[in-house]
K.L.:
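Questions regarding the structure given below will be posed in turn.
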Amino acid sequence: VSIGKTITNIETFFLTFWLLGIFVKFTIYLYLVCKIFGFVFSIEEFEHTLLPITILVLVIGMVPENDISNIYSVRTIVSSFFEYGLLYLPFFLLIVYKVKEVRSR
């Protein structure tokens with residue numbers, strides 16, 4: 001949609017106002033969640049919980065909705081963790097065995 005030669009993309013104005021509205025709405029929701037959290041747990045200065053709750057909301061929001069992508073992302077994280085865990089497992093078991101042997105004397 002264009003209005004004359006100067007304004008060629010009128011959608012950018014709607015997108016700007018839409019993004020601004022979403023930002024204000026998200027901020028109000030976070031503030032209300034922190035206020036309710038402070039009321040439930042009797043926190044006088046609940047404003048200090050804004051940053052941790054915001055981080056928690058953003059991390060939860062990053063979880064993919066698709067189960068297959070969830071399984072794939074969890075599998076890659078777990079396999080990379082256990083790759084090193086299984087590599088050091090014999091040494092860890094040997095140390096535990098030696099510690100138990102010394103304590104039993």
Side-chain angles (χ1 to χ4, degrees):
V1 176
S2 63
I3 301 176
K5 292 182 180 181
T6 56
I7 302 174
T8 57
N9 291 327
I10 194 78
E11 300 93 14
T12 56
F13 293 115
F14 295 118
L15 181 67
T16 305
F17 292 125
W18 178 72
L19 286 175
L20 185 64
I22 292 296
F23 180 74
V24 169
K25 184 178 174 182
F26 182 69
T27 306
I28 290 171
Y29 283 162
L30 277 176
Y31 187 79
L32 288 175
V33 165
C34 291
K35 189 163 182 78
I36 292 170
F37 183 78
F39 177 74
V40 167
F41 292 106
S42 302
I43 300 172
E44 297 273 335
E45 298 178 7
F46 64 90
E47 289 86 6
H48 298 293
T49 62
L50 275 170
L51 184 64
I53 289 178
T54 303
I55 292 172
L56 181 67
V57 166
L58 292 176
V59 167
I60 290 172
M62 287 177 15
V63 174
E65 295 178 8
N66 191 355
D67 292 334
I68 294 173
S69 60
N70 279 341
I71 291 171
Y72 179 72
S73 61
V74 168
R75 185 181 74 77
T76 56
I77 292 170
V78 169
S79 65
S80 66
F81 174 74
F82 280 121
E83 180 179 332
Y84 296 109
L86 292 176
L87 180 66
Y88 297 120
L89 183 64
F91 301 113
F92 178 71
L93 290 175
L94 181 65
I95 291 170
V96 169
Y97 174 74
K98 291 295 182 181
V99 168
K100 281 188 168 186
E101 186 178 276
V102 168
R103 286 189 178 178
S104 66
R105 288 185 192 181

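From a predicted model like this one, the values you see are computed outputs, not experimental measurements.
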K.L.:
Please examine the side chains of Tyr31 and Thr27, heavy atoms only from C-beta on, and report whether any two atoms are closer than 4.5 Å.
P.N.:
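Of all side-chain heavy-atom pairs linking Tyr31 with Thr27, none is under 4.5 Å.
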K.L.:
Quick one: OH on Tyr88 to CD1 on Ile95, what's the gap to the nearest 0.5 Å?
P.N.:
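Atom-to-atom, Tyr88:OH and Ile95:CD1 are 11.5 Å apart.
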K.L.:
Would you indicate whether the side-chain heavy atoms of Lys35 and Phe39 approach each other to under 4.5 Å?
P.N.:
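No - every pair of side-chain heavy atoms lies 4.5 Å or more apart.
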K.L.:
How would you list, by chain and number, every residue that makes a side chain to side chain contact (heavy atoms under 4.5 Å, CB included) with Val74, sequence neighbours excluded?
P.N.:
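With neighbours one apart ignored, the set is Val78.
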K.L.:
Which atom pair, heavy atoms only, marks the closest approach of Ser73 to Thr76?
P.N.:
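Reported closest heavy-atom pair: O-OG1, 2.8 Å.
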K.L.:
Using 0.5 Å steps for rounding, measure from the CZ atom of Phe82 to the CG atom of Leu87.
P.N.:
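Result: 14.0 Å between the selected atoms.
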K.L.:
Which atoms form the tightest heavy-atom contact between Leu30 and Val57, and what is the distance?
P.N.:
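That would be CD2-CG2, 4.0 Å.
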K.L.:
Are there more than 12 heavy atoms of other residues, nucleotides or ligands under 6.0 Å from atom CD of Glu45?
P.N.:
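Not more than 12 within 6.0 Å, no.
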K.L.:
Should we say atom OH of Tyr72 is surrounded by more than 12 heavy atoms from elsewhere, each under 6.0 Å from it?
P.N.:
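Result for OH/Tyr72: open.
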K.L.:
Identify the heavy atoms of Phe37 and Ile43 that sit nearest to each other, and give their distance.
P.N.:
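Heavy atoms only, the tightest pair is CE2-CD1, 3.8 Å.
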K.L.:
Hey, what do you get for CD1 (Ile77) to CZ (Arg75), rounding to the nearest 0.5 Å?
P.N.:
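Ile77 CD1 to Arg75 CZ: 11.5 Å, rounded to 0.5 Å.
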K.L.:
Report whether Val33 and Ile55 are members of the same hydrophobic cluster (ILVMFWY, side-chain heavy atoms less than 4.5 Å apart, transitive linking).
P.N.:
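No, it is not one cluster - the side chains of Val33 and Ile55 are not joined through contacts under 4.5 Å.
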K.L.:
Sequence neighbours left out, what passes side chain to side chain contact (heavy atoms under 4.5 Å, CB included) with Lys98? Give chain and number order.
P.N.:
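Checked Lys98 against side chain to side chain contact (heavy atoms under 4.5 Å, CB included); matches are Leu94, Glu101.
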K.L.:
Can you get from Tyr29 to Phe26 by hopping between Ile, Leu, Val, Met, Phe, Trp and Tyr side chains that sit under 4.5 Å apart?
P.N.:
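No: no chain of side-chain contacts under 4.5 Å links Tyr29 to Phe26.
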K.L.:
If the condition is side chain to side chain contact (heavy atoms under 4.5 Å, CB included), which residues does Ile28 pass it with, not counting sequence neighbours?
P.N.:
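Residues passing side chain to side chain contact (heavy atoms under 4.5 Å, CB included) with Ile28: Val24, Leu32.
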K.L.:
What is the distance from atom CG of Leu15 to atom CZ of Phe17, rounded to the nearest 0.5 Å?
P.N.:
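Atom-to-atom, Leu15:CG and Phe17:CZ are 11.0 Å apart.
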K.L.:
Rounded to the nearest 0.5 Å, what's the gap from CG on Leu89 to CZ on Phe91? Could you check?
P.N.:
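The CZ atom of Phe91 is 10.5 Å from CG of Leu89, to the nearest 0.5 Å.
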K.L.:
Out of curiosity, does Leu93 fall in the hydrophobic cluster containing Leu86 (side-chain heavy atoms, cut-off under 4.5 Å, transitive links)?
P.N.:
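As far as the 4.5 Å side-chain criterion goes, Leu93 and Leu86 are connected within one cluster.
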